[in-house]
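In what follows, a structure is listed as structure tokens, so that the remarks can point back to it.
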Amino acid sequence: MKIFKALNTSVGKKIAMAITGLSLALFMVFHLIGNLNLFLGPEAFNGYVLKLKKLGFLIRIAEAGLLSFVLIHVYSGIVLWLKNKRAISKTPSYSITSTPRASRYTLLTGSFVFIFLVMHWSTFWYKFNFSKGNKTYYEIVLGPEVGFGNIYYTLFYIIAIGLLGYHLKHGFDSAGQTLAIKGTKYEKTYYSLAAVFWFWIPFGFISIPVYFGIILRLLG
Amino acid sequence: MNINLNIWRQTKESTAGKFVRYRLENIDPNISFLEMLDILNNKLIKEKQEPVVFDHDCREGICGSCGFMINGQPHGPQKATTVCQLHMRAFQNEDELTLEPFRAASFPVIKDLSVDRRSFDRIILSGGYVDINTGEAPEANLIKVPKTNADEAFLSAACIGCGACVAACKNSSAMLFTSSKISHLSLLPQGKKEAKERVLKMVATMDDEGFGSCTNTGACSAECPKEISQANIVRLNKELIKSVID
């Protein structure tokens with residue numbers, strides 16, 4: 001099969017990374033729209049979560065799809081990183097060539113985001129699905145246990161989303177070339193959209209802990 | 001002008017190398033960089049020392065034999081210039097110059113500044129053949145090539161395979177080289193027939209030779225003496241996607 005042959009190459013793995021990465025970024029838009037319901041108050045947010053729950057197994061299928069995309073993205077990233085490490089000379093070079101920081105730290109920012117994701121699943125996702133108790137969803141998210149009532153969790157969340165934005169900065173730039181969008185008539189649209197994804201979407205996510213976890217706390 | 005050189009001396013891949021300092025005085029600023037090294041080597045031979053090994057052939061910037069790092073830049077500081085076309089007037093009196101071989105795991109050091117770039121030849125070889133008529137030169141107007149394609153193909157074919165792209169890359173990736181070779185064939189009707197197999201085979205060989213992968217930072221194009229553009233890498237990616245879809 002040609003597709004397996006292609007996926008076996010470094011370029012094929014980069015294409016897989018680009019497709020899974022862009023899809024996950026697209027998912028972030030829907031996730032953010034849901035999160036912004038928090039600003040509309042407890043009824044709006046709890047109602048939104050219940051609406052999602054009603055979709056039942058469709059949600060489970062979507063979750064499985066997202067998880068597999070994350071795993072493909074992480075796997076390809078690590079394989080390529082190891083390959084790159086082997087490719088460079090053992091003797092370090094005196095070099096003045098400077099590559100963009102966002103590109104050099106992609107694995108590092110990605111690893112941090114992955115740790116964040118695992119925590120995110122084991123807190124919000126797990127509690128929403130299995131150990132809600134008698135609290136509402138709104139109370140869990142803003143509560144002191146795992147939510148934005150906890151200052152450490154709030155700060156961790158802000159840093160992680162900030163790093164995710166930085167991760168996407170290089171990700172979108174690179175994916176444009178990997179998926180051969182550069183040089184076509186879609187290039188301009190794509191790169192304008194990229195700024196929305198690496199800056200405005202993370203900004204939207206961060207606005208929630210900043211408002212509920214920091215501003216409201218300071219106001220008492 | 002006087003020049004201070006720190007040159008990487010290494011007898012073979014398996015032994016450790018080190019920088020050795022040399023000083024040359026009263027160098028004519030209008031001689032080429034390689035002529036300056038010739039003068040150094042003449043001096044070293046007279047002093048019964050080992051001359052510095054470096055690759056060169058045409059000294060006209062078209063064969064791709066020469067190339068090493070000068071102060072961390074492949075082929076030195078002058079844009080779009082191979083080291084053989086670089087002149088001493090590009091530097092200042094009493095400059096400190098650090099000369100190193102192109103460093104990459106796939107470019108083992110032969111000696112001093114000379115590296116083994118046969119991995120590039122093997123990438124080319126895996127591309128297979130091109131349909132060409134080996135008889136008389138065919139009538140040029142029989143195969144019609146759009147002017148834009150002919151120009152683009154020419155720009156890609158301008159790659160001399162020196163390896164500066166690999167040396168400039170933080171991942172020692174050979175994507176710019178491989179993509180320019182794939183591009184100039186896939187843009188022309190003569191190269192279209194084997195295009196799909198060619199891209200898969202050449203990329204697989206590039207991986208097998210141990211080159212890193214591309215992170216699309218563009219350092220290669222910035223340092224390329226022939227200014228091969230990133231558009232070639234885009235074209236390689238497109239060719240690989242096409243080879244799977246069609």
Legend entry - Any donor-acceptor N or O pair under 3.5 Å, side chains B:Asp207, A:Thr9: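 No pair is found: no donor N or O on one side chain lies under 3.5 Å from an acceptor on the other.
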Atom [atom1] of [X] and atom [atom2] of [Y]: how far apart are they, to the nearest 0.5 Å?
| X | Y | atom1 | atom2 | result |
| --- | --- | --- | --- | --- |
| A:Lys2 | B:Ile245 | NZ | CD1 | 12.0 Å |
| A:Asp173 | B:Asn216 | CG | CG | 7.5 Å |
| B:Ser243 | A:Ile3 | OG | CD1 | 9.5 Å |
| B:Ser173 | A:Lys83 | OG | NZ | 8.5 Å |
| A:Lys182 | B:Arg235 | NZ | CZ | 14.0 Å |

Could you check whether atom [atom1] of [X] has more than 12 heavy atoms from other residues, nucleotides or ligands sitting under 6.0 Å from it?
| X | atom1 | result |
| --- | --- | --- |
| B:Arg89 | CZ | yes |
| A:Phe57 | CZ | no |
| A:Lys53 | NZ | yes |
| A:Phe39 | CZ | yes |
| A:Tyr191 | OH | yes |
| A:Phe203 | CZ | no |
| A:Arg60 | CZ | yes |
| B:Lys238 | NZ | no |

How far apart are the closest heavy atoms of [X] and [Y], and which atoms are they?
| X | Y | result |
| --- | --- | --- |
| A:Ser10 | B:Ser213 | CB-CB, 3.9 Å |
| B:Thr215 | A:His170 | O-CE1, 3.1 Å |
| B:Lys170 | A:Ser103 | CE-OG, 3.0 Å |
| A:Thr91 | B:Arg103 | O-CD, 3.1 Å |

Legend entry - Option that, when pairs with chain A are counted at under 4.5 Å, heavy atom only, ranks first among B:Ala104, B:Gly17, B:Gly212, B:Cys169: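 Ranked by contacts with chain A, first place is B:Ala104.
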Legend entry - Leading residue by heavy atom contact count with chain A [cutoff under 4.5 Å; candidates B:Gly210, B:Ala105, B:Ala204]: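 The candidate making the most pairs under 4.5 Å is B:Ala105.
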Legend entry - Choice from A:Gly176, A:Ala180, A:Gly12, A:Gly183 maximising heavy atom contacts with chain B below 4.5 Å: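 Counting heavy-atom pairs under 4.5 Å, the top option is A:Ala180.
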Inset, instruction - Check each atom of B:Ala231 against the heavy atoms of chain A and say whether the ones under 4.5 Å are side chain, backbone, both or neither. - result: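 Neither part; nothing is under 4.5 Å.
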Inset, instruction - Side chain from CB out, backbone as N, CA, C, O: work out which of these in B:Leu236 comes under 4.5 Å of a heavy atom of chain A, or both, or neither. - result: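 The answer is the side chain of B:Leu236.
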Inset, instruction - Please state whether the side chain, the backbone, both or neither of A:Ile15 comes within less than 4.5 Å of a heavy atom of chain B. - result: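 Contact with chain B: side chain only.
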Legend entry - Donor-acceptor pair, side chain of A:Lys14 and main chain of B:Cys214, under 3.5 angstrom: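 Yes: the side chain of A:Lys14 pairs with the backbone of B:Cys214.
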Legend entry - Check: A:Leu179 main-chain N/O paired with B:Asn237 side-chain donor or acceptor under 3.5 Å: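 Not confirmed, B:Asn237 side chain does not pair with A:Leu179 backbone.
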